[in-house]
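Note that the structure is predicted; figures quoted are calculated from it, not measured. Chain letters run A, B, ... following the sequence lines, proteins first and then strands; every chain starts at 1.
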Protein chains: 2
Amino acid sequence: MNIGSAARAAGLPVKTVRYYADIGLVEAPDRTQTGYRRYDEAAVRKLAFVRRARDFGFSIEECRELLSLYEDKSRSSADVRAIAAAHLEEIEEKQRQLAALRDELAHLVTACRGDDRPDCPILDRLS
Amino acid sequence: MNIGSAARAAGLPVKTVRYYADIGLVEAPDRTQTGYRRYDEAAVRKLAFVRRARDFGFSIEECRELLSLYEDKSRSSADVRAIAAAHLEEIEEKQRQLAALRDELAHLVTACRGDDRPDCPILDRLS
DNA sequence: CCTTGACTCTCCAGCTACAGGAAAGATTAG
DNA sequence: CTAATCTTTCCTGTAGCTGGAGAGTCAAGG
């Protein structure tokens, strides 16, 4: 399986697959004599795994850890849970910040008349 | 006022102030004979303005627009409101995505026993 | 007057997670 | 055989800074 088919199967751009190989996240298990990367089923599964983890907002480094746990048959679910729980914490913190931001901004937008006069509570608040 | 004092007054790192000058966002109004940037009150106010706008999550380009509106005495509040409203939309969209993500992840973390056995719904979901 | 320490300058590199493109070689369809 | 498609490596750029090197500047203390 060439990189193009592997990428399609995993739902990733070719560039990204090559990038993951470069950084040693998911390397092609083999090369053809002419240097083409050859991917097998297992590698494609790993790529898809990473894609989903990235969709969940896991960083590349977190993906690396999850991947090694994914491959480790003797892993404990506690290890995986720890990573996911930490990530959940980050997300919730981000949510809190975003909510505070939104509320303040929404308040400003409401307060601003939005006409052709220069009075603007938004700018007032920023200065 | 040297860059250090200006940065302190505006609540920004010196590096950032220099960066803003480099990209033409807020330039020092003057230089000493030996090349030191000299900031005045107005420039510091602009720096502080940008810092707050950045705290609100406005991009540098958005800051640039806001700044020019901030300086333009004949601006209309509608222009400012348009930028803020568009930004609010983005934030709300991000909030929706983050909420969906959080719910799914929280569900997985709850479902995972987190013991020393390898069964892990989190990994199952990712693969 | 000299030294020391704090400050500033420019330039260069690196961070995340890729994306875009160039130039060259490989493969496949017709 | 040719044209189109695919793949390779390498280089550059993105946003918004941050850190460091090496050199020059300034103010205070002895």
Taking CE from B/Met1 and C1' from C/dT8, how many angstroms apart are they, rounded to a whole number?
16 Å
When A/Ser5 and B/Glu61 are each assigned the nearest nucleotide of DNA chain D, the 5'-most assignment goes to A/Ser5
Quick check for you: to the nearest 0.5 Å, what is the distance between B/Leu67 atom CG and B/Ile60 atom CD1?
10.5 Å
Quick check on contacts: within residues 26-42 of chain B, what sits under 4.0 Å from DNA chain D by heavy-atom distance?
B/Thr34, B/Tyr36
So do A/Lys46 and A/Glu71 actually touch side chain to side chain, heavy atoms under 4.5 Å?
yes
Rounded distance in Å - CG (A/Asn2) to P (C/dA26):
14 Å
Quick check on salt bridge (Lys or Arg N to Asp or Glu O under 4.0 Å): which of B/Glu90, B/Glu92, B/Glu89 does A/Arg102 satisfy it with?
B/Glu92
N/O (side chain, A/Tyr20) to phosphate O (OP1/OP2, C/dC18) under 4.0 Å
yes
From CZ of B/Arg51 across to P of D/dG16 the rounded distance in Å is 17 Å
Which part of the nucleic acid does B/Arg18 contact within heavy-atom distance under 4.0 Å: base, sugar-phosphate only, or nothing?
base
Can you measure A/Asp22 atom CG to C/dT16 atom P for me and round it to whole angstrom units?
15 Å
What is the minimum heavy-atom distance between A/Val14 and A/Gly4, and which atoms define it?
CG2-CA, 4.0 Å
With rounding to the nearest 0.5 angstrom, report the CG to CD distance, B/Leu98 to B/Glu93.
11.0 Å
Nearest 0.5 Å, please: how far is CG in B/Leu105 from NE2 in A/His87?
6.0 Å
Please figure out whether B/Tyr19 or B/Lys15 has its closest DNA chain D nucleotide nearer the 5' end.
B/Tyr19
Taking for each residue the nucleotide of DNA chain C bearing the nearest heavy atom, is the 5' side occupied by B/Arg8 or by A/Thr16?
B/Arg8
Which residues pass the side-chain contact (heavy atoms from CB on, under 4.5 Å) test with A/Arg37, sequence neighbours left out?
A/Ile3, A/Arg18, A/Ala21, A/Asp22, A/Ala28, A/Arg31, A/Tyr39
Rounded to the Å, how far apart are B/Ile3 CD1 and C/dC7 P?
13 Å
I want to verify a distance call: between C/dA17, D/dC17, C/dA19, whose nearest atom is closest to the A/Pro13 side chain?
C/dA19
